[in-house]
Amino acid sequence: GINAEYGGGVLTKSHNISCMTWNKKNHDILAVGYGEYGFTNQKCGMACCWSIKNPEYPERVYKTTSGITALDFSLQNPNLLAVGMYNGTIAVYNVRFSSQLAILDSNETPSNHLGPVWEI
C-alpha cells in the first residue's frame, strides 16, 4: 500500500493528508491532497495522483506553495484536477500530461480569493 517507508512515502512522509477524491471515469486513480489545517502550521502543499496498479509511487506529483485544502476531478473532463489551497489559490492540472505546471491558476487574476478554499 501507500507506505511512509517505501517509494512515494518518502515524498509524503512529513505531510498530512487533508483531502482525497477518486477520478470520476478512471476509478483506479485517487488524487490525494496534502496540507495543514492549522493557521500557524502552514507549509508547502502537494497533490498526488495514485494508481491502484502502482501503489508504491504516485503517477503525478504537483507541489504547491500553500497547503491543499480541497480537490476534485472534473465530471466533464476527468483528466482535469482542480486544487484549492489554504492561501485561496485555485489551480487546475491536466493529469493526462506529466507537466507539473497548472494549466490555470487563480493567482494570475487581479482579484483573487484570499481565504482557504474548503470546497471545489
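Looking at Ile68 and Tyr34, their side chains never come closer than 4.5 Å, going by heavy atoms from C-beta outward. At a threshold of 4.5 Å between non-hydrogen side-chain atoms, the residues Cys49 and Phe73 count as touching.
Grouping Ile, Leu, Val, Met, Phe, Trp and Tyr by side-chain contacts under 4.5 Å, direct or through others, puts Ile103 with Leu80, Val92, Leu104. Alongside Val117, the hydrophobic cluster contains Ile90, Ile120 (criterion: ILVMFWY side chains under 4.5 Å).
Under the 3.5 Å distance criterion, the side-chain polar atoms of Asn23 are matched with a main-chain donor or acceptor of Lys25. Between the Arg60 side chain and the Phe97 main chain, a donor and an acceptor come within less than 3.5 Å of each other. No side-chain donor-acceptor contact under 3.5 Å links Thr89 to the backbone of Ser106. Side chain of Ser66 to backbone of Asn87: a donor-acceptor contact under 3.5 angstrom is found.
Closest heavy-atom contact between Tyr62 and Ser99: CE2-O, 3.5 Å. Nearest heavy-atom pair across Trp50 and Pro55 is CZ3-O, 3.5 Å. Closest of all the heavy-atom pairs between Thr64 and Met46 is OG1-N, 3.7 Å. Ile29 and Trp22 make their closest contact through O-CE3, 3.4 Å (heavy atoms, listed as atom of the first residue, atom of the second, distance). Taking every heavy atom of both residues into account, Pro58 and Val61 meet most closely at CG-CG2, 3.6 Å. What you find for Cys19 and Leu71 is that their closest heavy atoms are SG-CG, 3.8 Å.
Rounding to the nearest 0.5 angstrom, the gap separating the OG atom in Ser18 from the CH2 atom in Trp118 is 9.0 Å.
Residues satisfying the side-chain contact (heavy atoms from CB on, under 4.5 Å) test with Asp28, not counting sequence neighbours, are Asn26, Ser51, Ile52, Lys53. For the side chain to side chain donor-acceptor pair (under 3.5 Å) test, residues two or more places apart in sequence or in another chain that qualify with Asn94 are Asn79. A search for side chain to side chain donor-acceptor pair (under 3.5 Å) contacts involving Asn77 returns nothing, not counting sequence neighbours. By the side-chain contact (heavy atoms from CB on, under 4.5 Å) test, Ala91 is found to be paired with Met85, Tyr93, Ala102, residues two or more places apart in sequence or in another chain being considered.
Pairs of residues two or more places apart, or lying in two chains, that qualify as salt bridge (Lys or Arg N to Asp or Glu O under 4.0 Å) and include a residue from residues 69-94 are Lys24-Asp72. Screening residues 82-107 for salt bridge (Lys or Arg N to Asp or Glu O under 4.0 Å) gives no qualifying pairs among residues at least two apart or on separate chains.
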